Undergrad: 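To start, I am sharing the structure in question, which I have written as structure tokens.
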Amino acid sequence: MSNKYNPAEIEPKWQQIWAEQQLYKTVEDPDRPKWYALTMLPYPSGDLHTGHWYAYTPSDAAARFRRMNGYNVFFPIGFDAFGLNAENAAIKHGIHPAKWTYANIERMRGQLRRMGAMWSWEHEAVSCDPEYYKWSQWFFRKFYDAGLAYREYAPVDFCPTCNTTLAREQVWGDDRHCERCGTPVIKKNLEQWKFRITKYADELLDMLDQIDWPERVKVMQTNWIGRSYGAAVVFRTEQGDALEIFTTRPDTLWGATFMVLAPEHPLVDAITTEEHCAEVEAYKEQAARLSEIQRGAADKEKTGVFTGGYAINPVNGERIPIWIADYVMMGYGTGAIMAVPAHDARDFAFAKKYGLEIRRVITGPDGATGPLEEAYDSKDTGEMINSGPFDGTPVAGAVAKVTEWLEANELGRGAVNYRLRDWLISRQRMWGAPIPIIYCPNCGIVPVPYEDLPVLLPDDAEFKPTGESPLKYHEGFRNVKCPECGGDAERETDTMDTFMCSSWYQYAYISPYWKKGEKLKADDMPWDKAAGDYWLPVDQYTGGIEHATMHLLYTRFFTKALRDLGIVNFDEPMLRLFNQGMILGPDGEKMSKSRGNVINPDEVVDRYGADTVRGYLMFIGPWDQGGPWDMQAIEGVHRFLHRVWAVVTEDAQLEKPLLEANRAPDPAQERALERKLHQAILKVTDDIQNFRFNTAIATLMELNNYLYKVRDASVVNSATWNKAVRDLILMMAPIFPHIADELWHRQGNTSSVHKQRWPIGDPEKAREEEITVVVQINGKVRDKLMMAPGTPAATLESEALRLSNVVKWLDGRSPRKVVVVPDKLVNIVV
RNA sequence: GGGUCGGUGGCGGAAUGGCAGACGCAGCGGACUUAAAAUCCGCCGGGGCAACCCUUGUGGGUUCGAAUCCCACCCGACCUACCA
């Protein structure tokens with residue numbers, strides 16, 4: 001056995017021993033509290049990068065900590081294995097996506113094992129396995145039966161590079177680009193499958209209060225769902241067509257001097273007069289073209305054209321012109337607005353530009369009624385004017401009063417509007433779970449019967465460089481007999497959004513590939529119910545913030561849908577969430593091949609070992625903050641491990657009697673060490689519990705430095721010393737699992753350090769016997785007192801006033817006031 | 001435009017109303033070595049010989065006392081956006 005710390009030797013050794021002893025195998029145990037620790041599963045790109053290490057090793061440390069604290073911890077891992085990369089590789093290299101994917105998974109399993117994490121590998125789930133996607137299809141079928149899955153012809157976002165439609169959540173940024181590849185999306189009119197997530201809009205919003213998630217994720221989801229209260233008011237065109245609008249300001253209805261429709265609005269053609277026809281057509285075309293590129297920045301100059309048509313304002317019977325403009329979106333509200341230029345900035349700008357009437361219906365804060373320089377949009381200050389029966393009504397509370405009046409007069413009603421759209425799940429790609437639907441010329445849309453699941457992906461698909469899904473051209477796949485009439489029919493060739501597969505993986509882990517090879521039924525249970533009842537829901541979820549309005553929204557919806565289907569009996573899938581930050585390259589920029597700032601974790605592990613890499617990543621700073629990789633700073637953590645190794649193994653080799661005969665035990669030193677130890681235990685316990693790994697490691701370093709300081713003193717090999725060394729090893733176990741187990745065994749233990757209980761810090765033993773009390777004069781430190789804790793304020797004051805420095809600074813003046821904070825300070829004010 | 005988070009030594013960061021800079025990196029000095037590396041010990045915000053003074057983006061405020069709380073502003077990161 002080598003006496004030097006050699007991670008290359010001990011790390012593979014312990015990884016093998018842990019695997020052989022099935023140290024991390026999980027079984028349900030009703031006698032222990034359960035803890036389901038989940039971390040976002042990787043996409044099998046083929047290489048584990050530093051970001052994976054940054055996401056996974058701290059969550060592993062937290063899981064290990066829970067385990068040492070008596071929890072029965074479930075910490076599974078798997079692969080989100082469908083997706084376009086595999087398909088692109090297939091087109092490029094002519095290999096089937098499954099082959100590419102499974103080869104990558106195999107490689108990544110090896111890389112993941114090098115982290116030394118405590119994953120329950122026996123629960124691994126791979127979403128592209130037919131025994132997995134059989135259930136993804138089963139859920140689709142359940143949603144279809146429940147009316148939560150439907151097919152709709154509508155304008156949708158399409159990525160021309162990925163050759164597929166996208167959900168609204170997967171279109172990002174100002175330029176509306178594809179979340180996956182960055183290409184700006186285009187609009188297409190297509191018939192697509194959607195999930196009715198909007199049914200749960202209120203619940204998704206309101207239940208955010210019940211989960212312990214980071215505030216910024218809650219804010220992002222709140223904004224994304226975008227609930228706003230107001231009124232729906234029905235205007236009429238002169239031809240008599242109803243023209244419904246949504247407004248958050250029904251109190252400004254009397255100020256509506258024109259209306260604006262989105263260029264795509266279905267009534268545009270009906271209201272456009274012959275005279276304006278050419279202009280309107282031209283504008284519509286321009287808007288359509290623009291939306292394909294992009295409608296541009298928000299501060300863009302507003303444009304629009306008059307249709308020649310008029311509408312009747314229901315509250316005052318006024319005839320107002322109808323315009324079309326691209327600042328009104330078909331995808332929000334009804335695609336039509338009443339324009340109140342006096343009290344809406346956008347309408348104001350539009351009215352100014354086109355010379356439309358601006359009529360003030362709310363007074364200014366000072367009672368002003370004159371012409372406006374800019375839109376006045378206060379909901380709190382002012383009163384209504386030029387508003388018929390409401391003149392004189394204070395604007396605060398006016399929305400409710402007007403809404404009531406609208407309802408009483410059957411002109412409109414209170415309404416809630418959401419920004420959230422239904423989740424478009426159709427993807428025109430091959431490498432995904434096929435949507436289990438058959439189109440029959442006689443029977444129409446026919447869902448694949450439960451017992452016929454899964455609808456398998458063909459393994460002889462032909463990949464064309466056109467980027468189109470091979471399923472479309474695969475006769476054997478596409479042609480099918482109708483399950484109802486037995487006649488010739490065709491399968492749906494679109495597959496499901498991969499976010500569908502990752503919406504339920506936390507359940508798949510419970511019993512991976514449940515009912516393997518069995519036929520499914522409508523009333524099946526997708527996992528072992530008893531195991532699910534024990535483990536669910538997830539107690540702690542960790543992962544990146546980039547999924548705030550995608551995966552994290554979808555999986556919440558999914559769980560609510562499952563609850564309504566009677567499959568789960570809770571409302572929220574993940575009770576706590578923590579978002580780690582992003583690890584950056586040494587230059588402080590996002591790691592990327594093109595920047596050449598990528599740190600390859602394999603190489604760093606080769607050089608320093610997994611424990612050092614784990615510890616370094618956790619030592620950089622707060623986990624949710626991320627930060628740049630520092631080539632040199634990692635040495636500090638590595639050095640720390642060497643120093644721990646040295647002090648522990650040297651001590652073990654000493655084999656000297658408990659205390660050398662010529663040295664008397666020094667109770668003061670022993671007490672000091674004991675105090676330091678218990679302070680460290682309390683601090684490290686609190687820190688790890690709250691994911692503050694950086695300060696936890698700093699505390700371990702401090703304790704180790706202290707051991708160095710006292711190692712030549714008479715405490716060495718005393719019971720106090722041995723306890724300190726033992727607890728240091730225990731506290732290192734979650735973050736540095738390999739070196740901890742090695743040192744633990746070298747201390748003579750035979751059972752793994754990872755089966756031990758976390759040390760308990762005793763606040764009594766951690767307490768200082770003497771406290772430095774700062775003595776200030778006018779808030780400036782002038783002297784210090786060493787006092788016993790709990791010394792009464794009066795004593796502190798009189799002691800402080802006797803200090804020579806204090807006497808000198810007072811210079812004969814008498815204190816005006818003395819502030820005493822026991823155990824902290826005395827502040828003398830003159 | 002709106003929202004969220006942040007701004008502390010040469011660097012990563014600690015301290016969330018009570019001694020600013022824990023811990024680590026880099027740097028400096030010393031021990032060991034023929035020498036270097038490694039290791040160990042010490043120093044390490046700025047000014048000043050010193051007593052002391054200055055110092056947490058800027059300016060105000062609250063307080064006996066502010067990096068921490070409040071107001072205004074500047075800068076940065078992320079999210080979001082003609083949302084009616």
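This is a predicted model, so every value here is computed, not measured. All chains are named by letter (A, B, ...) in the order of the sequence lines, taking the proteins before the strands, and each is independently numbered beginning at 1.
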Undergrad: Please confirm whether any donor atom in the side chain of Lys302(A) sits under 3.5 Å from an acceptor in the base of C82(B), or the reverse.
TA: yes
Undergrad: Find the distance Phe258(A):CZ to A84(B):C1' and express it as a whole number of Å.
TA: 12 Å
Undergrad: For a quick test of reading the model: is some side-chain N or O of Asn694(A) closer than 4.0 Å to OP1 or OP2 of A14(B)?
TA: yes
Undergrad: Between Asp377(A) (CG) and A84(B) (P), how many Å, whole number?
TA: 11 Å
Undergrad: Once you round it to whole Å, what is the distance between P of C23(B) and OH of Tyr616(A)?
TA: 19 Å
Undergrad: Ignoring the backbone of Arg168(A), work out which of A81(B), A22(B), G18(B) is nearest its side chain.
TA: A81(B)
Undergrad: Whenever both distances are under 3.5 Å in a Watson-Crick or G-U wobble pair, mark it; put RNA chain B into dot-bracket that way, with [ ] for crossing pairs and | when the partner is on another strand.
TA: (((((((..(((.....[....))).(((((.......))))).(((....)))..(((((..]....))))))))))))....
Undergrad: Measure from the side chain of Arg419(A), starting at C-beta and using heavy atoms only, and say which of U80(B), G12(B), A84(B) lies closest.
TA: U80(B)
Undergrad: Any side-chain N or O of Gln625(A) below 4.0 angstrom from OP1/OP2 of G13(B)?
TA: yes
Undergrad: Given G12(B), A84(B), C23(B), identify the nucleotide with an atom nearest to the side chain of Met701(A).
TA: C23(B)
Undergrad: Assign a letter to each nucleotide of nucleotides 36-55 of chain B from its 5' end: B, base within under 4.0 Å of a protein heavy atom; S, sugar-phosphate only; -, no contact.
TA: ---SSS-----------SS-
Undergrad: Would you mind calling G9(B) syn or anti? Take O4'-C1'-N9-C4 for purines or O4'-C1'-N1-C2 for pyrimidines, and syn is within 90° of 0.
TA: syn
Undergrad: Give the nucleotide from the list C64(B), C23(B), A14(B) with an atom nearest to the side chain of Lys817(A).
TA: C64(B)
Undergrad: Just compare G13(B), C25(B), C23(B) and give me whichever is closest to any side-chain atom of Pro622(A).
TA: G13(B)
Undergrad: Tell me which nucleotide among C64(B), C83(B), C19(B) gets nearest to the side chain of Arg346(A).
TA: C83(B)
Undergrad: Check every atom of A84(B), A14(B), G18(B) against the side chain of Ile337(A) and return the nucleotide holding the closest atom.
TA: A84(B)
